[in-house]
Amino acid sequence: MLSKKIHYLQIALNSTLDDAASIIASAPRDPRIIFEAGTPLMKEFGGNAIASIRAWAGQDAYIVADMKTMDRGATEVSIAARYGANGVIALGLAPVETLNTFIAACDAHGLDAMIDMMNVEYALTILRALKKPPRVVLLHRGVDEERDNREKQIPFHEIARVKGAYDVLLSIAGGDTIKDVQRAFFNSADIAVVWKSFYSASGDTARLASEFLKETR
């Protein structure tokens, strides 16, 4: 279970299983690190991506399955649970019926429901429509947005709005520098998601992870 007293670094693994294995092996064994089975990794390797990360990271590791669920909420949660995830991500743009089903299924399986608000203008609009809020709200500037739209900013300004209305953990994605991680935590985020620095394994993986962890508490 994620704690509100800790800042987490979520490392999204989006490349290959070999890279994922090397990155996990090089990363510090630290409870502040969350490993994510990224969407590209899951689309290529399916539930085995989750199971492999679990085998390499250990039973005590926290693993997120970025399913980006848009429909069949209960079915996709059951898949993530079967392969060993602790948290699952659905898209805030999904129908409210799907999100309610998704959150209920996460509760039934003992997983943390996470809703990704990428391309949602006001996260509160989605949250107010739900029967129950998720455990984690993810505010997200997408990769293509970052590359092709220089005016698109990481939605740090939404953190206070969401936290002022709901007792949830707040995750920020869309920035991959140490400065971005600092800004996320300065603005009261609980989780900072990074991927570019950990896309492929390198001799710097352990050093990079340690540098990022210095920004957590």
Side-chain angles (χ1 to χ4, degrees), residues 2 8-28 30 32-58 61-70 73 76-77 79-94 102 106 111-120 134-148 154-155 169-177 180-181 184 189-202 204-205 208-209 212-213:
L2 298 175
Y8 295 96
L9 179 71
Q10 184 166 318
I11 298 176
L13 302 166
N14 287 315
S15 181
T16 67
L17 289 180
D18 285 343
D19 277 324
S22 296
I23 290 165
I24 292 169
S26 299
D30 193 299
R32 294 170 295 171
I33 289 182
I34 293 171
F35 290 112
E36 174 192 317
T39 309
L41 195 72
M42 293 196 62
K43 285 190 173 182
E44 184 161 1
F45 300 103
N48 287 329
I50 305 170
S52 296
I53 292 171
R54 169 63 64 204
W56 297 324
Y62 190 98
I63 298 171
V64 172
D66 190 2
M67 307 286 278
K68 286 190 171 63
T69 296
M70 279 289 286
E76 296 204 355
V77 169
I79 292 170
R82 187 165 70 249
Y83 282 96
N86 301 100
V88 194
I89 298 176
L91 289 177
L93 291 173
F102 170 84
C106 283
L111 306 185
D112 287 326
M114 303 178 172
I115 296 184
D116 185 340
M117 298 295 180
M118 181 168 58
N119 207 37
V120 172
R135 174 67 172 163
V136 179
V137 174
L138 171 58
L139 302 177
H140 191 175
R141 177 181 65 180
V143 175
D144 294 337
E145 290 178 297
E146 178 188 2
R147 185 191 62 229
D148 298 333
I154 301 170
L169 293 172
L170 214 296
S171 180
I172 282 282
D176 271 274
T177 67
D180 291 327
V181 171
D190 302 286
I191 304 166
V193 184
V194 294
W195 72 275
K196 286 183 182 177
S197 298
F198 302 94
Y199 184 72
S200 58
S202 73
D204 286 336
T205 297
L208 283 168
F212 277 103
L213 281 174

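Nothing here was measured: the structure is a model prediction, and the numbers come from that model. Numbering starts at 1 and runs along the sequence shown.
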| By side-chain contact (heavy atoms from CB on, under 4.5 Å) - contacts of Ala184 (at least two apart) | Phe156, Ile172, Ala189, Ala192

| Do Val136 and Ile191 touch side chain to side chain, with heavy atoms closer than 4.5 Å? | yes

| So, does Asp66 use its side chain to make a donor-acceptor pair with the main chain of Ile89 at under 3.5 Å? | no

| task | Begin from the C-alpha positions of Val193 and Glu36 and carry the test side-chain contact (heavy atoms from CB on, under 4.5 Å) through to its verdict. | result | CA-CA 9 Å; Val193 184; Glu36 174 192 317; 3.9 Å; yes

| said: Within this structure, what is the CG-CG distance for the pair Asn48 and Leu17, rounded to the nearest 0.5 Å? | reply: 8.0 Å

| message | Just verifying a value: how many Å separate Leu41 CG and Ser52 OG, rounded to the nearest 0.5 Å? | response | 8.5 Å

| message | Show the nearest heavy-atom pair for residues Leu111 and Ala85, with the distance to one decimal. | response | CD2-O, 3.0 Å

| said: Whether the side chain of Arg54 engages the backbone of Ala49 through a donor-acceptor N/O pair (distance < 3.5 Å, no angle test) should be reported. | reply: no

| task | Apply the test side-chain contact (heavy atoms from CB on, under 4.5 Å) to residues Phe35 and Ile24: give CA-CA distance (whole Å), side-chain angles for both, the deciding distance (0.1 Å), then the verdict. | result | CA-CA 8 Å; Phe35 290 112; Ile24 292 169; 3.8 Å; yes

| task | Could you tell me the separation between the CE atom of Met67 and the CD1 atom of Ile79, rounded to the nearest 0.5 Å? | result | 5.0 Å

| Minimum heavy-atom distance between Met118 and Leu93, given as atom pair plus value | O-CD1, 3.8 Å

| request: Decide yes or no on side-chain contact (heavy atoms from CB on, under 4.5 Å) for Met42 and Ile50, but give the supporting numbers first. | output: CA-CA 8 Å; Met42 293 196 62; Ile50 305 170; 3.5 Å; yes

| query | With distance as the sole test, does Asp190 use its side chain to make a donor-acceptor pair with the main-chain N or O of Leu170 at under 3.5 Å? | reply | yes

| Nearest 0.5 Å, what's the CG-CG distance between Leu91 and Asn119? | 9.5 Å

| field | Smallest separation among heavy atoms of Asn14 and Thr39, with atom names | value | OD1-N, 3.8 Å

| said: How close do Ala20 and Trp56 get, counting heavy atoms only, and between which atoms? | reply: CB-CZ3, 4.0 Å

| request: Test Val64 against Met114 for side-chain contact (heavy atoms from CB on, under 4.5 Å), laying out the working first. | output: CA-CA 9 Å; Val64 172; Met114 303 178 172; 3.7 Å; yes

| said: Are the side chains of Leu169 and Arg135 in contact, using a 4.5 Å heavy-atom criterion? | reply: yes

| remark: Distance col, row Tyr83:OH vs Ile63:CD1, nearest 0.5 angstrom, shows 14.0 Å

| message | Measuring from atom CD1 of Ile34 to atom CG of Asp112, what distance do you get when rounded to the nearest 0.5 angstrom? | response | 9.0 Å

| remark: In short, Phe102 meets Ala113 closest at the heavy-atom pair CE2-CB, 3.8 Å

